[in-house]
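As structure tokens, the structure follows; a few thoughts come after it.
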Amino acid sequence: GVVKTVWTGTAKKMRVEAAEPVAYFVRDGCHDPTQRGPELHLNPYLGQPLTLRFLGKINCIYCGRETKKTFGQGFCFPCFRTRAEADICIVKPELCHYHQVDDPCRDEQFAQSHCFAPHVLYCSLTSVVKVGITRAPNIPSRWIDQGATAAMPVAVLPSRREVGLVEKRLIDAGFADKTHWTRMLKGESVASDLAEPATQVVTTLGDWGVEGLLPDDQRTIHTFVYPVLTYPTKIKSFNLDRTAEVGGRLQGIKGQYLIFDTGVINLRKYSGYRIELLA
């Protein structure tokens, strides 16, 4: 058959819908909303040959500045240095410095809309059972983005800093907070494996007298099935900076990874890259 371009745009995190299986949409990350092209529903391409081509141009997804490389998730260096979205406390919320007179928040409006808003502490099953935090509106997409097969909200706290301090305490007490992405891509973890470790987290928080623990009926386990035909046995990761054209037969999508029969690519990592998809 004839290979044709089915989508062109600036890469960013795929949009997800918690369907059965999860639905994935490639969307345009251009900084200017009026310049964004339409989304592309990727699930119909499962089992088909698909090529991803980097067109050699990278633009900051926040200000549009052309850049040779990105910092964080699609920032140019100036935005990375100055924008609240790129501050250290986004990765380590316990380091929030909003109240420090000599080093206040980079953006008051961002602080009010993002950080001083209810955050959920959760347990999820990715490659292992881990604890994590997210803003309430990001459920369930946050869980899907990390490739969780099951997840459970545990507590709701009024701000990012407060939930971050609780998460840090859990990590210091020995609970995991990282996903091993290669293991996550190699197959399905069993959802029933979440219940017991999640109960341990709940018990620990209860012992510490943490505010905001959800009642039993709100601590339900959500499960996710991913559109994967075949899981890879060994993981080879594509790098668009080295190989501008990658692809193969699309075997699945999980987390923010496209799984081909030839290798995998984390689309989110290339936020800001101008790409086209050919099928």
Side-chain angles (χ1 to χ4, degrees), residues 3-19 22-45 48 50-87 90-91 106-107 109-115 117 134-135 137-138 140-142 144-147 227 237-247 250 253-260 264-279:
V3 173
K4 64 176 195 300
T5 301
V6 291
W7 189 86
T8 308
T10 301
K12 74 173 294 189
K13 194 173 76 153
M14 288 178 279
R15 186 172 74 79
V16 298
E17 285 177 7
V22 170
Y24 281 93
F25 300 85
V26 181
R27 55 180 179 165
D28 197 335
C30 179
H31 75 288
D32 179 354
T34 64
Q35 300 297 309
R36 289 176 196 157
E39 293 186 335
L40 178 72
H41 186 196
L42 265 191
N43 297 50
Y45 293 91
Q48 311 288 324
L50 189 69
T51 301
L52 196 151
R53 186 185 287 157
F54 171 40
L55 299 172
K57 209 172 155 198
I58 308 171
N59 294 87
C60 175
I61 60 169
Y62 286 91
C63 74
R65 183 187 281 108
E66 207 162 322
T67 174
K68 286 272 175 276
K69 60 176 284 200
T70 58
F71 300 84
Q73 308 246 301
F75 296 95
C76 64
F77 192 62
C79 282
F80 185 65
R81 289 290 300 275
T82 57
R83 291 192 73 102
E85 293 92 332
D87 209 342
I90 295 299
V91 183
R106 292 174 173 185
D107 181 344
Q109 203 181 344
F110 181 84
Q112 296 306 332
S113 63
H114 276 70
C115 307
T134 192
R135 286 188 306 139
N138 292 343
S141 62
R142 175 81 189 105
I144 292 168
D145 289 343
Q146 58 187 226
S237 188
F238 291 131
N239 182 339
L240 289 182
D241 295 314
R242 284 205 295 270
T243 316
E245 195 169 295
V246 302
L250 184 64
I253 316 168
K254 189 177 185 190
Q256 282 286 327
Y257 283 85
L258 301 183
I259 303 167
F260 294 98
V264 304
I265 186 165
N266 175 1
L267 212 49
R268 185 179 193 172
K269 185 180 163 191
Y270 296 99
S271 295
Y273 284 56
R274 184 98 184 141
I275 59 167
E276 62 178 1
L277 293 175
L278 305 114

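Atoms considered below: every heavy atom in the structure, side chains included; atoms not considered: hydrogens, waters and symmetry mates.
- Around the CZ atom of Arg81, the shell of radius 6.0 Å holds no more than 12 heavy atoms that belong to other residues, nucleotides or ligands.
- When Val6, Thr51, Thr8, Leu52 are each tested for a side-chain contact (heavy atoms from CB on, under 4.5 Å) with Glu276, only one passes: Thr8.
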Any chance you could lay out the side chain to side chain contact (heavy atoms under 4.5 Å, CB included) test for Ile259 and Leu250, step after step, and finish with the verdict?
-> CA-CA 6 Å; Ile259 303 167; Leu250 184 64; 5.8 Å; no

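- Distance check, rounded to the nearest 0.5 Å: CD1 of Ile61 to OG1 of Thr67 gives 12.0 Å.
- Heavy atoms only, all atoms of each residue included: Tyr24 and Asn43 are closest at N-OD1, 2.8 Å.
- Phe54 and Leu240 get closest at one heavy-atom pair: CD2-O, 3.7 Å.
- Taking the side chain as every heavy atom from C-beta outward, Lys69 and Ile58 never approach each other to under 4.5 Å.
- Of all non-hydrogen atoms in His41 and Ala23, the two that sit nearest each other are NE2-CB, 4.0 Å.
- Heavy atoms only, all atoms of each residue included: Thr10 and Cys30 are closest at CB-N, 3.7 Å.
- Among all heavy-atom pairs drawn from Cys79 and Ala86, the shortest one is O-CB, 4.1 Å.
- No hydrogens or angles considered: a donor-acceptor pair under 3.5 Å links the side chains of Gln256 and Asp145.
- With hydrogens and angles ignored, the 3.5 Å screen pairs no side-chain donor or acceptor of Arg274 with any backbone N or O of Leu55.
- In this structure, CZ in Arg65 is found 11.0 Å from CG in Asn59, a value given to the nearest 0.5 Å.
- Annotation: side chain of Lys269 is not in contact with side chain of Thr70 (no heavy-atom distance under 4.5 Å).
- In this structure, Tyr273 and Tyr270 have perpendicular ring planes: the angle between them is above 60°, well past the 30° mark.
- Arg135 contributes atom CZ, which lies 3.5 Å from atom NE2 of His114 (distance to the nearest 0.5 angstrom).
- Rounding to the nearest 0.5 Å places OH of Tyr45 at 13.0 Å from CG of Leu258.
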Hey, mind stepping through Val246 and Arg53 against side chain to side chain contact (heavy atoms under 4.5 Å, CB included) and telling me if it holds?
-> CA-CA 6 Å; Val246 302; Arg53 186 185 287 157; over 6 Å; no

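- Considering every non-hydrogen atom in both Ile90 and Glu85, the closest pair reads CG1-O, 3.5 Å.
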I would like to know whether Thr82 and Arg106 meet side chain to side chain contact (heavy atoms under 4.5 Å, CB included); could you show each step before the answer?
-> CA-CA 7 Å; Thr82 57; Arg106 292 174 173 185; 5.6 Å; no

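- By the ring-ring contact (aromatic ring centres under 6.0 Å, His included) test, Tyr257 pairs with Trp181, sequence neighbours left out.
- A salt bridge is absent between Lys12 and Asp28: the closest approach of a Lys/Arg side-chain nitrogen to an acidic carboxylate oxygen does not fall below 4.0 angstrom.
- For the pair Phe260/Ile265, a side-chain contact is recorded, criterion being any heavy-atom separation below 4.5 Å from C-beta on.
- To the nearest 0.5 angstrom, Leu278 atom CG is 4.0 Å from Thr5 atom OG1.
- With salt bridges taken as basic N to acidic carboxylate O contacts below 4.0 Å, none links Glu39 and Arg27.
- Rounding to the nearest 0.5 Å places SG of Cys60 at 8.5 Å from NE2 of His31.
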Go through Cys115 and Phe110 one step at a time and tell me if the side chain to side chain contact (heavy atoms under 4.5 Å, CB included) criterion holds.
-> CA-CA 7 Å; Cys115 307; Phe110 181 84; 4.1 Å; yes

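- Between Trp7 and Ile275, the closest side-chain pair of non-hydrogen atoms falls below 4.5 Å.
- Aromatic rings from Tyr62 and Phe75 are positioned such that their centres are separated by under 6.0 Å.
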